[in-house]
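Here the structure comes first, spelled out in structure tokens, and everything after it is commentary.
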Amino acid sequence: MPRVRGKQYQQTTALDLHTGNRESDVATNQPPVTVAMLFQIPAVRSPSTPSPPSSSSSCSSPSPRNPPRRSPRSRMESNAMVWFRKGLRIHDNPALDHARRGGCARLFPVFVLDPRYLEPDPTAFSPGSARSGLNRIRFLLDSLADLDSALRSLGSRLLLLRGEPAPLICRVLKDWNIGKLCFEFDTEPYSLARDKQVSDFASASGIQVFSPVSHTLFNPADIIEKNGGRAPLTYQSFVALAGKPPEPLSVTYHELPPVGDTGEYQLLSVPKIEELGYGDISQEEFSPFRGGESEALRRLKESLKDKEWVAKFEKPKGDPSAFLKPATTLLSPYLKFGCLSSRYFYQCLHDIYKSVGKHTSPPVSLAGQLLWRDFFYTVAFGTPNFDCMRGNKICKQVPWRDDEELLVAWREGQTGYPWIDAIMIQLKKWGWVHHLARHSVACFLTRGDLFIHWEKGRDVFERLLIDSDWAINNGNWLWLSCSSFFYQYYRIYSPISFGKKYDPNGNYIRHFLPVLKDMPNEYIYEPWTAPLSVQKKARCIIGKDYPKPVVDHDIASKECRKKMAEAYASNHSGENVPSGRSSNVLRRKLQNENREGSPPTNSKQRKKH
DNA sequence: ATGTAAGTTGTGTTA
DNA sequence: CTAACACAACTTACA
């Protein structure tokens, strides 16, 4: 049964709908306007029937040094907290907007530095924490600093705490006499569990909880409900169900309520990366992309300036080898952290479409990309064990090979295929590569060449990408490995010719793999075929300065194709033994084989019964 | 129920 | 330079 917990967080319709004043620069001081849209959460549990969950035990004992001051109820309701996690922005932020409303005397804007994401892990394969490379950590810190400065310009500030988020939030809710807690609804499993602890505690303590859906265009739970309780598994059916997304909030603030007394809690200023314990780690090249809402809105404006480009955008036509001027907007990391509202972005795009007239449409258009994002969020929300093969009902069960050496070669950009390796180096250095470049390396690792588990590749991307987003990253690995959504496993990206058609001279390779920079054009994609004299002249001996190919693509890809065919034929999906449906498929498949003159099987007997 | 159409993004050859 | 096609044949959604 799909999780539809978010269903209880239903959207209500607009109050005081406002449609004017749409500037690209939402940070300018426009006259405050009314709420365009409001989300409401019904009471999760009546305070009169508190049944604290077992997990809340850690929450219910406030610090002895900060005993909760029991205040009159009216006093409690005058303090509000907005808890930032994603949604690191001021614009289109329903949680923030709700927090400062309703006679809020003191507003506590909080972010908790979670050791799960920030604690240095020296055993990881690259600098960073167990889950995140340094580039994304830095992006987060940028975003927090920008959020803090935006809040300060409104007479507030970001209250930065450090520790395990759920117990810590529960403690400060008590100690700061918070009457109203507002945070953006988050669909990821880790977040759902964390937020349930906090919501349960808050409700049991009589604290009002407001948890709007504002990270995505739509509420995934609504889409799933509309589809009869199951997530739609094709983009088209998703789009048909989704309809038009709600408009963003268009409220501008001159001032926010002041921050209240934070007692003895030590408030951190946004740390530098060195202060998190990464001081002694040197990374040769940092991502050129800086985090934060200001940068997001600047980039958005920049991207949308060329209306013709926006109107003609077609995703599959982008050039994955473009790196001086990437072929896409590069807004994905800002969407991931919520520095940019997807609803605001969507609205800007539609304003342009209206003004230009002729434009591309989903799935290939820019707006279509935002719908893809929502598609994966929806399926991820409605699919238990979405992030693994076992126990995932929509995932093909494939006997992937376990080969640490090949995995490391892929991860470190040492496969001997310059196109693949250059992409992996760009990923490591920049934390970003073009969509089609991701396809190339994901296909190569899984069904195309190495036949290694998509979960292994997923882990590497999750760590290194600054835009790594749980639903989207897993969704795309399922897609590229032909484990779900996409099944044409005989379509394999060539690690040689795919890049060549965009960048025949190999400029991209030369940039990210300088060891190959003097290799002649005709060998740049297949340097192992260069005569030794050429290798010497290029000062790059294959097998010494740059590796020989770890597999022969022609042979490996054929083997992979065969293994995929076998895996598909055995037709196990999820943890099910073949069900009625899949044995049906198997029967038909066998029949087809009979028609083509294969030896008879028992399928005919089966059919008669 | 069985058949059919369609599916964001393959390669390599031929016209 | 672009388009059509073979290659070999998957799944979901829907009639």
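We name chains A, B, ... by the order of the sequence lines, and we start the count at 1 in each one. Being a predicted model, the structure only gives us computed values, none of them experimental.
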Check your understanding: Side-chain N or O of S237(A) less than 4.0 angstrom from OP1 or OP2 on dA13(C)?
Key -> yes
Exercise for review: Give a yes/no on whether any side-chain N or O of K501(A) is located under 4.0 angstrom from OP1 or OP2 of dT11(B).
Suggested key: yes
Review point. Quick one: do the Y417(A) and E526(A) side chains pair a donor with an acceptor below 3.5 Å?
Key: no
Point to revise | Paired stretches of DNA chain B - 3 or more consecutive Watson-Crick or G-U pairs, each distance under 3.5 Å | key: B:2-7 with C:10-15, B:10-15 with C:2-7
Practice item. Tell whether Y490(A) reaches the base of dA9(C) with its side chain through a donor-acceptor pair below 3.5 angstrom. Key: yes
Review point. Side chain of F498(A): nearest nucleotide among dT9(B), dA13(C), dT11(B)?
Key: dT11(B)
Check your understanding: Taking the side chain of R491(A) as heavy atoms from C-beta outward, which of dG10(B), dC10(C), dT12(C) is closest to it?
Key -> dG10(B)
**Study point:** Q236(A) side-chain N/O to dA5(B) phosphate OP1/OP2 under 4.0 Å
**Key:** no
Check your understanding: Under the 5.5 Å and 30° test, is W372(A) stacked on the base of dT8(B)?
Key -> yes
Study note, to complete from the structure: Exactly one candidate in L513(A), D545(A), V534(A), L516(A) meets side chain to side chain contact (heavy atoms under 4.5 Å, CB included) with P527(A); the answer is L516(A)
Point to revise | Between P of dT11(B) and OH of Y525(A), the distance in whole Å | key: 12 Å
Study note, to complete from the structure: Which of dC10(C), dT11(B), dT8(B) is nearest the side chain of Y489(A)? It is dC10(C)
Review point. Below 4.0 angstrom from OP1 or OP2 of dT8(B), is there any side-chain N or O of K317(A)?
Key: no
Revision key, fill the gap. note: K562(A), atom NZ; dA8(C), atom P; distance rounded to Å ~ 15 Å
Check your understanding: Taking only N and O in the side chain of S497(A), is any of them less than 4.0 Å away from OP1 or OP2 of dG12(B)?
Key -> yes
Review point. Given the side-chain rings of H439(A) and F498(A), with only the six-membered ring counted for Trp, is the space between their centroids under 6.0 Å?
Key: no
**Study point:** Out of dT9(B), dC10(C), dT8(B), whichever nucleotide has its closest atom nearest the side chain of Y568(A)
**Key:** dC10(C)
Exercise for review: Indicate, with a heavy-atom threshold strictly under 4.0 Å, whether Y235(A) touches base, sugar-phosphate, or nothing.
Suggested key: sugar-phosphate
Exercise for review: Describe, in one word, how the ring planes of Y525(A) and W419(A) are oriented to each other, choosing from parallel (under 30°), tilted (30 to 60°) and perpendicular (over 60°).
Suggested key: tilted
**Study point:** Donor-acceptor pair between E184(A) and S214(A) side chains, under 3.5 angstrom
**Key:** yes
**Study point:** Distance, rounded to the nearest Å, where Y487(A) contributes OH and dT9(B) contributes P
**Key:** 13 Å
Study note, to complete from the structure: Regarding the side chain of V364(A), the nearest nucleotide among dT9(B), dC10(C), dT8(B) is dT8(B)
